[in-house]
J.: 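Structure in C-alpha cells, see below.
Atoms within a ligand are numbered from 1 in the order they appear, just like the ligands themselves.
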Amino acid sequence: MVSHATDVETTKRPLTDKPLLRVESVTKRFGGVVALSDVSFDVLPGQICGLIGPNGSGKTTLFNCISGIYRPESGGIYVDGTQVVGTKRHRMAALGIGRTFQNLALFRSMTVRQNVLVGAHHLGHSGFVANALRLPSAGRDDARATADADVLLEMLDLAPVADVLVAALPFGTQKRVELARALIGRPKLLLLDEPAGGLNHGEVEELERLFLAIRDRFSLAILLVEHHMTLVMRVSDKVVALEFGVKIAEGRPAEVQAEPEVIRAYLGDTVERAHEAA
Ligand SMILES: Nc1ncnc2c1ncn2[C@@H]1O[C@H](COP(=O)(O)OP(=O)(O)OP(=O)(O)O)[C@@H](O)[C@H]1O
C-alpha cells in the first residue's frame, strides 16, 4: 500500500520550461473601462509569480479571467497547454486550477477536515451511481481523500484543530484551511487572492514559509495577488506589475521594484491616497 505522504507527493511535477500558465494578449473591458489591455506573461511550474499594481490596475480582473468568472474580449489563457477561456467555473478544479478567496469562502458550520475534503470532490472517479450505492470504488476514493487530507492538515499545522468547527477558529487559521482545501484538489496552478489580508506580522511570516514549502513540495505554479509588498518580494520568483490594465514591468522582484514605471505608479497611488485622506 502506498503511504499517505507518498500519495500526495505524486502531484509533484518535473520542472520544465513549458509554462504552466500562459496569459496571451488578454483584454477585458467593462463598458468604457479597459480593465486589462493586451496583457501577456508566463508562469513556469515551480514558480511563484507575484501580481502587483496600484488599486484598480486590473489584478482582480485578471484573476477572475483565469478562474472563469469573467470572459476576456480577446486573448488566450492556457493552463498546462489547455485553453481555459470560456470554461465554466465549476470545471476549473478538474482542469487543475485551485484558488483561495480574499474574503474566505469556507463552510463555517463544518469542521476543518470536512472543509478540506470538499476540495477533493472533483477527484472521485467512481461516479454518481457508485457513490450513491456506496460501491467499493467510492470507498477507495474516500480513503484516498482522507489520507491526502491528513497529510495536508499536518503540513499546514491544522491537525490539532482538524475536528473543530471553522467558525470557532481565528482568521489566520481559517486562511490555512482554505489553502489546504485548494491543495487537496491537486491543482497545477494555485491562485491566491490577497492571502496576507487581515493577518498579523507573525502570521504573514508563517505564510511566507508555507508558500515556499508548498511550491517546493508540489512544483505548482502559484499566482499571487497581494498588496503586502514585503511578502510578494520575498516569495516571488518573478513579479508582473500592472497599471491601468497595462503590464508595466515583468521580471525578478528586485528588477521590478527598481523599475522607474513601477516606482512612479506606486508613488502616484500613495500621493492620491494622501490627498483623499486630507
Ligand atoms: N465588475 C466590474 N464592472 C465594472 N468595472 C469593473 C468591474 N470590475 C472591475 N472594474 C474596473 O476595472 C478596473 C480594474 O479593477 P480591478 O478590481 O481588477 O483592479 P485591482 O488591481 O484588483 O484593484 P484592487 O487592488 O483595488 O483590488 C477598475 O477601473 C475597476 O473599476
J.: For ligand 1, give me the residues whose heavy-atom distance to it is below 4.0 Å, by chain and number please.
T.: Phe30, Val33, Ala35, Pro54, Asn55, Gly56, Ser57, Gly58, Lys59, Thr60, Thr61, Tyr70, His227
J.: With the threshold set at 4.0 Å, does a side-chain nitrogen-carboxylate oxygen contact exist between Arg264 and Glu243?
T.: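 Result for this pair is yes, salt bridge flagged.
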J.: Taking NZ, NE, NH1 and NH2 as the nitrogens, is one of them in Asp237 or Arg252 under 4.0 Å from a carboxylate oxygen of the other?
T.: no
J.: So, Arg113 and Asp150, do they make that salt bridge, N to O below 4.0 Å?
T.: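 Result for this pair is yes, salt bridge flagged.
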J.: Group every Ile, Leu, Val, Met, Phe, Trp and Tyr by side-chain heavy-atom contacts under 4.5 Å, then state whether Val240 and Tyr78 land in the same group.
T.: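 No, no single cluster joins them.
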J.: Donor-acceptor pair, distance only, cut-off 3.5 Å: does the side chain of Gln47 make one with the backbone of Ile222?
T.: no
J.: When rounded to the nearest 0.5 angstrom, what is the spacing between CZ in Arg215 and CD1 in Ile48?
T.: 5.0 Å
